[in-house]
**Student:** 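Take this structure, written in C-alpha cells, and hold onto it; I'll ask about it next.
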Amino acid sequence: MGTPTHSAVHLSNWQKSYFAITSGTCTPGQKADEYRAKILRIQYAWANSEISQVCAAKLFEKYTEKYAAIIDSDNIETGLNNYAENILTLAKCQQNDSDKWQSALTTDNVFELKCVRERMRAGKNCRSSQMAPADACALADKGVSASAAPGLPKPGLLSTAGEPELRAGSAKCTSQGPEPLEHPSSSKSLQSSAPPVTKSSDILPASSASLNKQLLTGFQATPLFGSKEVTGSSSLKMLGTCRDGQNASLPSQAAAPAWSASSGKRKAFYGMADEGSTVTPNLALCEAPVSAETSSFSGNRNRSEEGSIPGFRTAKEQLWVDQQKKSQNLPQRAPVSSYGGVKKSLGAGRSRGPFGKFVPPVPKQDGNENGGAQCKPHTRGQPDPSLPVDERLKNIEPKMVELIMHEIMDHGPPVNWDDIAGVEFAKATIKEIVVWPMLRPDIFTGLRGPPKGILLFGPPGTGKTLIGKCIACQSGATFFSISASSLTSKWVGEGEKMVRALFAVARCQQPAVIFIDEIDSLLSQRGDGEHESSRRIKTEFLVQLDGATTSSEDRILVVGATNRPQEIDEAARRRLVKRLYIPLPEASARKQIVTRLMSQEHCSLNEEEVELIVQKSNGFSGADMTQLCREASLGPIRSLQSMDIATIMPDQVRPIAFLDFENAFRTVRPSVSSKDLELYETWNQTFGCGR
Ligand SMILES: Nc1ncnc2c1ncn2[C@@H]1O[C@H](COP(=O)(O)OP(=O)(O)OP(=O)(O)O)[C@@H](O)[C@H]1O
Ligand SMILES: [Mg+2]
C-alpha cells in the first residue's frame, strides 16, 4: 500500500472515535457524551426531514437505550450516575457535585490524553495540507471547532435502506455547522491559555458501512418524539442533504436544538445558512469552496483561533467572535450568534419585566453586585479571571451556569402580600417557613428548621404564581424561576444537566428559592410509556430535590405550583412536604380584589353594590374577578358614541358603575367547575397540609 490518503486518515480517525465508545478505552462519561450527541443528531436529522419518523424513532430508541444503560448503571466502572449513591452522599450532607454525570474531560486533563494528542497531531497534518478531513480539523482546532462528520452516508441511502456508501474519501469539506449549545462563553475556555478542547460528544461519528448498518438495523416503530412533535416527514435523507445547491449534512450535537422540529424555524435555520456560507450546516461531505465571507473572517481571528485552518470559521468560532463584537459594540451578524434567533431560556425568565433588574447569582458585597464573588460572574462578555470559580460549580458546564444565571428572576414589578387577596392560611404558612427563616436563620434552627419543599396547589387563577412572585420580592433570597415545560422540551438530552446546574448555582447563591411553575409537567407520575429524556430529568430532579431538602446546611427552598396535584409523582409529593391548598377566593377575598382594582379607577360603586357584586361572583377565581373588573371598566367606553372616542378627554369618561358590572357578568363566567373543585378538595383532604 502507498502512503495513506486523506480519506484513510479520515476513516482511521473516525474509526478511533467510533470504536472508542464500543471498546473499553472510553470513560462512561465520554460514552454518554457520544450517545447523547448521536441522539441529538438523530432528532436533528428527523426534524430536517432527512430521515423518516419511523427511522428516527428506531434510531432514537436504540441510542437512548445505550445512553440510559450508561446513565442508569450502578456499576462504578461502566455506569455514570449512581443515583442511590448520590442520594446517600447528599443525605449525609456531603454534597458531591462532582458525581460521575459529567464527562471527566476538563481543559486541564484533556491534553494529557493520548488520543487527544494523537488527534491534535492529525490536526496539524490536516492544517498543513489544507485539505484535511473535517473531523481531524475539528479535533485539532483549538476547541472551537464545530463537530464535523467525516464520511457521512450518501444522501438517500438510508431512506432506501440500501447499502450505505462510505464517503469518507471524498471529504474535503471545510464549512461546518453551527453549535448552538456550545457557548463560547465558557469561562474556562476564555480564561485558560490552554486551548479548549472539542469534547468527544462534539464529534459526530462519521458513517461507515458498519455504523450505517447498525443504524439501519433494529428500527422499531416506537414514536419517540411525542405525538405533538411528530410531523411524519417522509424525507429519508439521513445526512448530506442538499438544499439550494448546498450540502446540508447533520451538524453537531449542539446544532440540534429542539426548535429544529419546527419546519418554519428549520427554514430560518437554513435561511441563515444561505446568508453566509460560514453558517451553512454542512459538514464533511461537502466540497463547497470556502466563501469570501468566511475568508474575510480569518482577518480578525482571535487568539483562541490561532492554529485553525485559515479560511474557514466554525459556528462556534463565529459565535465567539460575535460575542466579542457585542462586547465591543461592533455590528455583528446577529442570527448566527442567536441560534436562529431562539434565545435559550428556561422560560420563566420571560417574566422579567421592563423594570426588571438582572440579579446575578453572585453574592452582593459592598454594594457591588459583582464584587466578592464566590461564584464566577458569568456575565456576558469576558469573565474576570481574577475571580475564583466556586468549587460547587467546577463540574458544571459554564454554558449551563450562564443559562441558569440569566434565568434568575429579578424583582420586577414588586408584589406585596397585600396584593394577594384571601388565602390567609397559605400566606401565614409561607411567611413562617419562607420569609422569616430567610431573614433570621439563627432562630430557625434544629426542629424549627424550615421545610425545604412547598407545593402550592389549587384551581387555575387562584394566585399560585402570584404567591411565587411575592416570595421572590419579600424573602430577600435569590429567586430562580423556571418553567418545567421548558426543561423537558428545549434541551433534549441536556435537561438533566440543566437541573443539576440549577441546583448547583442555587447552592452558591443561598439563601435561594427555586420556584417551579406548573411542576406537574416536570414531576408527573413515572410510567412505562414515558419518554426517556423526561424520565431522566425527573430522576435527576428528585435526586437534587432530595439533596436540597435533606441537607440541613443548605438554605434552598423549592416551591412548586400546580393546578394538577393529582398528577405529581408520589416521590416528589413526599419531598414537597408543605402542600398548601390555594382555593377559590372567599367572599371577603373577592371583595378585596374588586375594591383594590376599583380603587385605581374612576368608579362610582357604593358599599352595597360592591356586596352585590361579591355575592354574584360566587365561584369566581381571582383571575375571573380580575377579568370581571376589566370587562366592567370597558363599560363607560362602550357607552360612548364612536365619534366621542377620538376627542373625549380622559376625565370626561363616566365612572364605572354597577350597571357595567351587571353587563360584565353576562360575558365573564367562572372558569372552574364544581366538579373540578371537588377533586381539589379531596386531594387537599388526602395530602394537603391545611387546617
Ligand atoms: N388571590 C388573588 N388576589 C389577587 N389577585 C389574584 C388572586 N388570584 C389570582 N389573581 C389574579 O389572577 C391573575 C392570575 O393569577 P395566577 O397566575 O397567580 O394564578 P395561578 O394560580 O398561578 O393559575 P394557574 O394555576 O392557571 O397557573 C393574577 O395576575 C391576579 O391578577
Ligand atoms: Mg400559575
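Counting starts at 1 for both ligands and their atoms, in listed order. Predicted model only: the values in this text are computed from it and were never measured.
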**Student:** Of all the heavy atoms in V423, does at least one lie under 4.0 Å from an atom in ligand 1?
**Tutor:** no
**Student:** Determine whether the aromatic ring centres of F503 and F541 lie less than 6.0 Å apart.
**Tutor:** yes
**Student:** Does any part of the side chain of L522, heavy atoms only, come nearer than 4.5 Å to the side chain of K538, both counted from C-beta?
**Tutor:** no
**Student:** Below 4.0 angstrom, N of the basic side chain to O of the carboxylate: do E518 and K464 qualify?
**Tutor:** no
**Student:** Looking at D419, which atoms of ligand 1 are within less than 4.0 Å of one of its heavy atoms?
**Tutor:** 3 (N), 4 (C)
**Student:** Would you mind listing which atoms of ligand 1 come within a distance below 4.0 Å of any non-hydrogen atom of T462?
**Tutor:** 1 (N), 8 (N), 9 (C), 19 (O), 20 (P), 21 (O)
**Student:** Which residue and non-hydrogen atom of the protein lie closest to atom 14 (C) of ligand 1, and at what distance in Å?
**Tutor:** A623 CB, 4.1 Å
**Student:** Of the backbone atoms (N, CA, C, O) and the side-chain heavy atoms from C-beta on, which set of T626 has a member under 4.0 Å from an atom of ligand 1: side chain, backbone, both, or neither?
**Tutor:** side chain
**Student:** Confirm or rule out an N/O/S atom of N563, from backbone or side chain, lying less than 2.8 Å from the Mg ion (ligand 2).
**Tutor:** no
**Student:** Looking at K427 and E424, is any side-chain nitrogen of the basic one under 4.0 Å from a carboxylate oxygen of the acidic one?
**Tutor:** yes
**Student:** Closest non-hydrogen protein atom to atom 22 (O) of ligand 1, residue and atom name please, with distance?
**Tutor:** T465 OG1, 2.7 Å
**Student:** Which of the atoms in ligand 1, numbered in the order shown and given with their element, are less than 4.0 Å from a heavy-atom of N563?
**Tutor:** 24 (P), 25 (O), 26 (O)
**Student:** Between D517 and K469, does any side-chain N to carboxylate O distance fall below 4.0 Å?
**Tutor:** no
**Student:** Please check whether A421 reaches ligand 1 - meaning an N/O of the residue sits under 3.5 Å from an N/O of the ligand, judged on distance alone.
**Tutor:** yes
**Student:** If you define the side chain from C-beta out and look only at heavy atoms, does anything of I568 sit under 4.5 Å from L455?
**Tutor:** yes
**Student:** Judging by distance only, is a nitrogen or oxygen of L466 under 3.5 angstrom from one on ligand 1?
**Tutor:** yes
**Student:** So which heavy atom in the protein is nearest atom 10 (N) of ligand 1, and how far is it from that ligand atom?
**Tutor:** G622 C, 3.7 Å
**Student:** Any donor-acceptor pair under 3.5 Å linking the side-chain atoms of Q544 with those of E540?
**Tutor:** yes
**Student:** With the threshold set at 4.0 Å, does a side-chain nitrogen-carboxylate oxygen contact exist between E631 and R638?
**Tutor:** yes
**Student:** Hey, looking at atom 25 (O) of ligand 1, which of K464, Q592, R564 has the closest heavy atom?
**Tutor:** K464
**Student:** Tell me whether the NZ or CZ atom of R573 lies within the 45° cone about the ring axis of F687 and under 6.0 Å from its centre.
**Tutor:** yes
**Student:** Nearest to atom 23 (O) of ligand 1, what protein heavy atom do you find, and at what distance?
**Tutor:** G461 N, 2.8 Å
**Student:** Would you say F665 and I613 make side-chain contact, with heavy atoms under 4.5 Å?
**Tutor:** yes
**Student:** In terms of atom number and element, which parts of ligand 1 are under 4.0 angstrom from non-hydrogen atoms of E518?
**Tutor:** 27 (O)
**Student:** Could you tell me which atoms of ligand 1, counted from 1 in the order shown, lie closer than 4.0 angstrom to a heavy atom of I420?
**Tutor:** 1 (N), 3 (N)
